[in-house]
Amino acid sequence: MPNSLISRLVSPSLRSQPSKISALRFLTTVSAAERLYGQLQGCTSNLEKELASANVQLDSSCINEVLRRCDPNQFQSGLRFFIWAGTLSSHRHSAYMYTKACDILKIRAKPDLIKYVIESYRKEECFVNVKTMRIVLTLCNQANLADEALWVLRKFPEFNVCADTVAYNLVIRLFADKGDLNIADMLIKEMDCVGLYPDVITYTSMINGYCNAGKIDEAWRLAKEMSKHDCVLNTVTYSRILEGVCKSGDMERALELLAEMEKEDGGGLISPNAVTYTLVIQAFCEKRRVEEALLVLDRMGNRGCMPNRVTACVLIQGVLENDEDVKALSKLIDKLVKLGGVSLSECFSSATVSLIRMKRWEEAEKIFRLMLVRGVRPDGLACSHVFRELCLLERYLDCFLLYQEIEKKDVKSTIDSDIHAVLLLGLCQQGNSWEAAKLAKSMLDKKMRLKVSHVEKIIEALKKTGDEDLMSRFSTD
DNA sequence: ATAGGGTTAG
């Protein structure tokens, strides 16, 4: 039994020996987290002061460790710890960490946790400032909790904290995105009463909300109102309205607006950018009016605005869905690449992915192979899609050959470990021992982590082939 | 505060 293979392929959580460097880092993280978690557990009152006395250099992995140690009955302390950590000047939570905290503390499922924590601040007369409240609001934002965010906003006065435009903007955006425009509108009016002014961000959120609700007139009304508060309509806000008009289906009006944006007398403040053009292109493609989408691309190029990956993706899919011939596609790709901003690799990869999504596998394979022949490096997503398809078709050997070729090209990609596992398993089952061994070695080199279930299956498959040579290859390496 | 198809690492 090739024990070394099992132990090396299994997930790290089940492995006993991480590498030396990560082990060292792991230990320092653990000891800091241990101390903080200890404070958190033994604390009877004023948690924040206790935490500060631990005098620990915080980083995200340490914060993560502390949160992970919390039992569900400690989630309140956990949340207080997270909020406290965010208020430190030496540390700033990333968006990722906010999401992570919401996840670990199950805030989406139990949003009342936020309320309990705010109440405990009040009961224990903890020091709370704008920063504290902003962190709580950001959490609500990550968890998409509009009602709780509003509740928090209402608690500001109890701590003698004044809500600022940033706080209002956050809550307004949550309600606008939810489509609850009445509450969002009420909050804007309220800002006025407390001496705050809506800014471009406030207006953009509202306009976006109105557009999503199909209320373009309301969006325009707000856009006109902006100047009253010294806010100037900019490209982003205008593009939002344009997007709304596109969604409403009035493409002629959309083109008029685009022309309006292109006029020079706006001082360039609303001049369309790649996103603006892409929105219009996308709308035309969705309506199967690809010729007009292509005209917008030309228009974009004439103004020196470069298409990007999204523009390319949308147009390529549009052309393919329109059942155009290969010539139309290559003409488009040539044009995109010539305009700059997008590479041949991105275009071909995008075409491959689109075709696979459209279940036009033969064409996808042809284009993928063409890419390799022409020395163009496919991206990770395209590789993953092609490999998955080949495995589904049980063409494991073909897949392995392609895999080897891609390896040589040094694709900076993330081909799932799952696909690797399925391929390895397939090669074993079809008796391609030499190839299986080679793939396994490459996986080991990559320090790839596999699910235990996959490893078990692979070992099982190996037993069936009874290939002693293969066994020895696995176990010696 | 910007669209989308899996980017990184946190």
Side-chain angles (χ1 to χ4, degrees), chain A residues 22 25 29 58-65 67-68 82 85-86 91-101 103-104 141-142 165-166 168-170 172-174 176-177 198-209 211-212 222 226 231-244 246-247 261 270-286 296 300 305 307-318 341-342 345-347 349-358 378-385 387-388 411-419:
Chain A
S22 66
R25 246 194 85 185
T29 301
L58 277 176
D59 61 18
S60 44
S61 68
C62 171
I63 293 169
N64 194 25
E65 259 322 296
L67 294 180
R68 281 203 319 119
F82 181 79
H91 181 79
R92 197 187 145 93
H93 290 318
S94 59
Y96 172 82
M97 278 308 288
Y98 276 104
T99 321
K100 193 98 193 171
D103 211 38
I104 297 176
N141 189 36
Q142 286 301 320
T165 305
V166 179
Y168 270 97
N169 277 350
L170 198 140
I172 288 171
R173 188 161 129 90
L174 279 169
D177 284 352
D199 61 11
V200 192
I201 295 169
T202 328
Y203 281 114
T204 308
S205 309
M206 284 303 283
I207 286 172
N208 188 38
C211 286
N212 285 337
L222 272 186
M226 285 174 70
C231 289
V232 186
L233 208 52
N234 64 22
T235 301
V236 175
T237 322
Y238 214 103
S239 299
R240 283 297 199 185
I241 301 180
L242 180 61
E243 187 183 8
C246 285
K247 274 187 193 149
M261 294 176 83
I270 57 165
S271 90
N273 60 20
V275 177
T276 319
Y277 283 112
T278 304
L279 290 171
V280 181
I281 288 172
Q282 187 164 29
F284 274 127
C285 286
E286 275 166 10
V296 178
M300 188 175 177
C305 180
N308 62 24
R309 188 198 294 256
V310 184
T311 326
C313 181
V314 164
L315 267 171
I316 288 169
Q317 187 179 316
V342 56
S345 158
E346 287 170 317
C347 291
S349 297
S350 172
T352 308
V353 172
S354 281
L355 285 168
I356 291 179
R357 289 209 176 115
M358 293 159 66
D379 70 15
L381 193 66
C383 292
S384 290
H385 273 71
F387 291 170
R388 182 173 295 134
V411 173
K412 288 195 232 21
S413 71
T414 43
I415 299 169
D416 304 357
S417 62
D418 277 10
I419 297 178

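In what follows, every chain begins at residue 1, and chains take the letters A, B, ... in the order their sequences are listed. Everything quoted here is computed from the prediction, not taken from an experiment.
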> Which nucleotide in the list B:dT2, B:dG4, B:dA1 gets nearest to the side chain of A:S239?
Replying inline: B:dT2
> Rounded to whole angstrom units, what separation is found between the CG atom of A:N208 and the P atom of B:dT2?
Replying inline: 7 Å
>> Need one value for A:T235: base, sugar-phosphate or nothing, where a base atom within 4.0 Å counts as base even if backbone is also close, heavy atoms only.
In response: base
> Would B:dG5 be called syn or anti, given that syn covers angles within 90° of 0?
Replying inline: anti
> For the side chain of A:N169 and the base of B:dA1, is some donor closer than 3.5 Å to an acceptor across the two?
Replying inline: no
> Looking at A:V200, A:T204, A:I201, which hits side-chain contact (heavy atoms from CB on, under 4.5 Å) with A:N169?
Replying inline: A:I201
> Pick the nucleotide of DNA chain B nearest each of A:M97 and A:V353; which residue has the one closer to the 5' end?
Replying inline: A:V353
> OP1, OP2 of B:dT2 versus side-chain N and O of A:R240: anything below 4.0 Å?
Replying inline: yes
> Taking all non-hydrogen atoms of both residues, which atom of A:M300 and which atom of A:A274 are closest, and how far apart?
Replying inline: CE-CA, 3.9 Å
>> Taking only the P atom of each, what is the distance from B:dA3 to B:dT7 in whole angstrom?
In response: 13 Å
> In whole Å, what is the span from the CE atom of A:M358 to the C1' atom of B:dG5?
Replying inline: 16 Å
>> As a test of reading the structure: which of B:dA3, B:dG5, B:dT2 is closest to the side chain of A:L381, going by heavy atoms?
In response: B:dG5
> What's the CG-P distance between A:L279 and B:dG4, to the nearest Å?
Replying inline: 8 Å
> A:T237 has a side chain; which of B:dA1, B:dG5, B:dG6 sits nearest to it?
Replying inline: B:dA1
> Could you state the CD-C1' distance from A:E243 to B:dG4, rounded to the nearest angstrom?
Replying inline: 12 Å
> Short question: side chain of A:T237, backbone of A:L233 - any donor-acceptor pair under 3.5 Å?
Replying inline: no
> Side chain of A:N273: nearest nucleotide among B:dG6, B:dT2, B:dA3?
Replying inline: B:dT2
>> Test of understanding: with ring pair (Phe, Tyr, Trp, His ring centres under 6.0 Å), list the residues that count as partners of A:Y98, not counting sequence neighbours.
In response: A:F82, A:H93
> What residues form a salt bridge (charged side-chain N to carboxylate O under 4.0 Å, His left out) with A:D418, not counting sequence neighbours?
Replying inline: A:K451
> In terms of the nearest nucleotide of DNA chain B, which residue is placed more toward the 5' end: A:I201 or A:S94?
Replying inline: A:I201
> Rounding to a whole Å, what distance do you find between A:I207:CD1 and B:dA3:P?
Replying inline: 15 Å
> Given atom CD1 of A:I63 and atom C1' of B:dA9, what is their separation to the nearest angstrom?
Replying inline: 15 Å
> With a non-hydrogen cut-off below 4.0 angstrom, is A:S350 in contact with a base, only sugar-phosphate, or nothing?
Replying inline: base
> Considering only heavy atoms from C-beta outward, does the side chain of A:M261 approach that of A:S239 to under 4.5 Å?
Replying inline: yes
>> The side chain of A:N234 is closest to which nucleotide in this list: B:dG5, B:dG4, B:dA1?
In response: B:dA1
>> Can you measure A:N141 atom CG to B:dA1 atom C1' for me and round it to whole angstrom units?
In response: 12 Å
> Hey, does the side chain of A:R309 come within less than 4.0 Å of B:dT2's phosphate (OP1/OP2), counting only N and O?
Replying inline: no
>> Is it the case that the base of B:dG6 and the side chain of A:S384 share a donor-acceptor contact (distance under 3.5 Å, atom types as modelled)?
In response: yes
> Rounding to a whole Å, what distance do you find between A:Y238:OH and B:dA1:P?
Replying inline: 23 Å
